[in-house]
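To start, the structure under review is shown below, and the notes come after it.
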Amino acid sequence: MAISAELRRQRPAGGVYEALKEQILDNRIPPGTKVNIDGVARELGVSPTPVREALQRLQGDNLVVATSGRGYSTTALLDAGGLRDLFEFRLLVEPWAARTAAVDRLDNPARRLDVELADFRERSRSGGDIRQDLVTHDTSFHEQILGASGNGVIRNAFGQTHCHLHLFRLYPADVDGTLTIEEHGHVWEAIRDCDPARAEDAMYRHLTAAYRRFAEAFDGGSAAGLGARRAPRMADVG
């Protein structure tokens, strides 16, 4: 496995983790690739210890898997069924979270979401490859809404999916972020206006549109059906 010059410049421990994660997300380390710990350590000029620590963290992100007697390998990409399952889960949770967040109270996240949107727009003006910035923004935007719901169980369950990391590996569904930012703007406006029904609907529409964009990675055949029926709201699930 070849290690880029950028990775060689990284510091041990946290730096090794961040650089390896970036290469996995960019598919510069392809899915299903065995990671040679000693080889990585030699190329980085570090001991195997910070490499192992980085791989343990990446295992927690579900980006690598440990195999008995064989070390670590990068995980496979989501398949069409896995993509659908992930978005079905998100449709159960996130429209409800947006509805719950869109209330007139101190922990309404509209101001923080506005800052997040403005920061990403500013970064995107610099040009170049903004995919890392987009996944960071997308993760922050959705997690802030989930956090404002006040439900720790749901937030932890969502975090365990590591959905943004795995979606980002598929392909650049919205390479410049234009569609994502437009849809996030609709969600933010509804939360800012304390309009729960509109916030729920805007999040639902955003997620179904995002699903269809990512599903194009599977020959365009798996997008049909999701969103054709409305996913039940949390309040309707008994």
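In what follows, residues are counted from 1 in the order of the sequence shown.
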For the atom pair [atom1] ([X]) and [atom2] ([Y]), what is the distance rounded to the nearest 0.5 Å?
X      : Y      : atom1 : atom2 : answer
Ser73  : Leu55  : OG    : CG    : 10.0 Å
Thr139 : Gln144 : OG1   : CD    : 11.0 Å
Leu207 : Leu92  : CG    : CG    : 11.0 Å
Glu116 : Ile181 : CD    : CD1   : 8.0 Å
Thr49  : Glu53  : OG1   : CD    : 6.5 Å
Phe141 : Leu113 : CZ    : CG    : 5.0 Å

Item to complete: For side-chain contact (heavy atoms from CB on, under 4.5 Å), just list the numbers for Arg192 and Asp114, CA-CA rounded to whole Å, side-chain angles, deciding distance to a tenth of an Å, and then say yes or no.
Response: CA-CA 9 Å; Arg192 177 200 61 191; Asp114 188 23; over 6 Å; no
With sequence neighbours excluded, tell me which residues meet side-chain contact (heavy atoms from CB on, under 4.5 Å) with [X].
X      : answer
Asp61  : Tyr17, Lys21, Leu58, Leu63, His162, Leu165
Thr136 : none
Ala76  : none
Ala202 : His186, Val187

Please list every donor-acceptor pair under 3.5 Å in which a side-chain atom of residues 153-160 meets a protein atom from a residue at least two apart or in another chain.
residue : atom : partner : partner atom : Å
Asn156  : ND2  : Gly152  : O            : 3.2

Student check: side-chain heavy atoms of [X] and [Y] closer than 4.5 Å:
X      : Y      : value
Arg99  : Pro95  : no
Phe87  : Leu167 : yes
Ile145 : Glu94  : no
Asp138 : His184 : yes

Worksheet entry | Donor on one side chain, acceptor on other, Glu182 and Thr178, under 3.5 Å | no
With sequence neighbours excluded, what pairs up with [X] under the side-chain hydrogen bond (donor to acceptor under 3.5 Å, both in side chains) test?
X      : answer
Asp195 : Arg198
Asp107 : Arg105
Glu189 : none

Item to complete: Applying ring-ring contact (aromatic ring centres under 6.0 Å, His included), name anything that partners His164, two or more places apart in sequence or on another chain.
Response: His142
Worksheet, complete the sentence: Taken in chain and number order and not counting sequence neighbours, the residues that satisfy ring-ring contact (aromatic ring centres under 6.0 Å, His included) with Phe120 are His137
With no hydrogens and no angle check, is any side-chain donor or acceptor of [X] less than 3.5 Å from a backbone partner on [Y]?
X      : Y      : answer
Thr74  : Pro30  : yes
Thr75  : Val65  : no
Asn108 : Ile191 : yes

Discussion item. Checking Asp38 now: which residues fulfil salt bridge (Lys or Arg N to Asp or Glu O under 4.0 Å) with it, not counting sequence neighbours?
Written reply: none
Worksheet entry | All salt bridge (Lys or Arg N to Asp or Glu O under 4.0 Å) counterparts of Asp85, not counting sequence neighbours | none
Worksheet item: Can a salt bridge be assigned to the pair Arg125 and Glu122 using a cut-off of 4.0 Å between side-chain N and carboxylate O?
Response: yes
Item to complete: Before accepting this row, confirm whether a basic side-chain N of the pair Glu88/Arg84 lies closer than 4.0 Å to the acidic partner's carboxylate O.
Response: yes
Could you tell me which non-hydrogen atom of [X] sits nearest to which non-hydrogen atom of [Y], and how far apart they are?
X      : Y      : answer
Val16  : Pro50  : CG1-O, 4.2 Å
Ala98  : Met203 : CB-CB, 3.9 Å
Leu146 : Ala97  : CD2-CB, 3.8 Å
Ala102 : Pro196 : O-CG, 3.4 Å

Fill in: side-chain contact (heavy atoms from CB on, under 4.5 Å) evaluation trace for Tyr211 with Leu86
CA-CA 9 Å; Tyr211 170 77; Leu86 181 59; over 6 Å; no
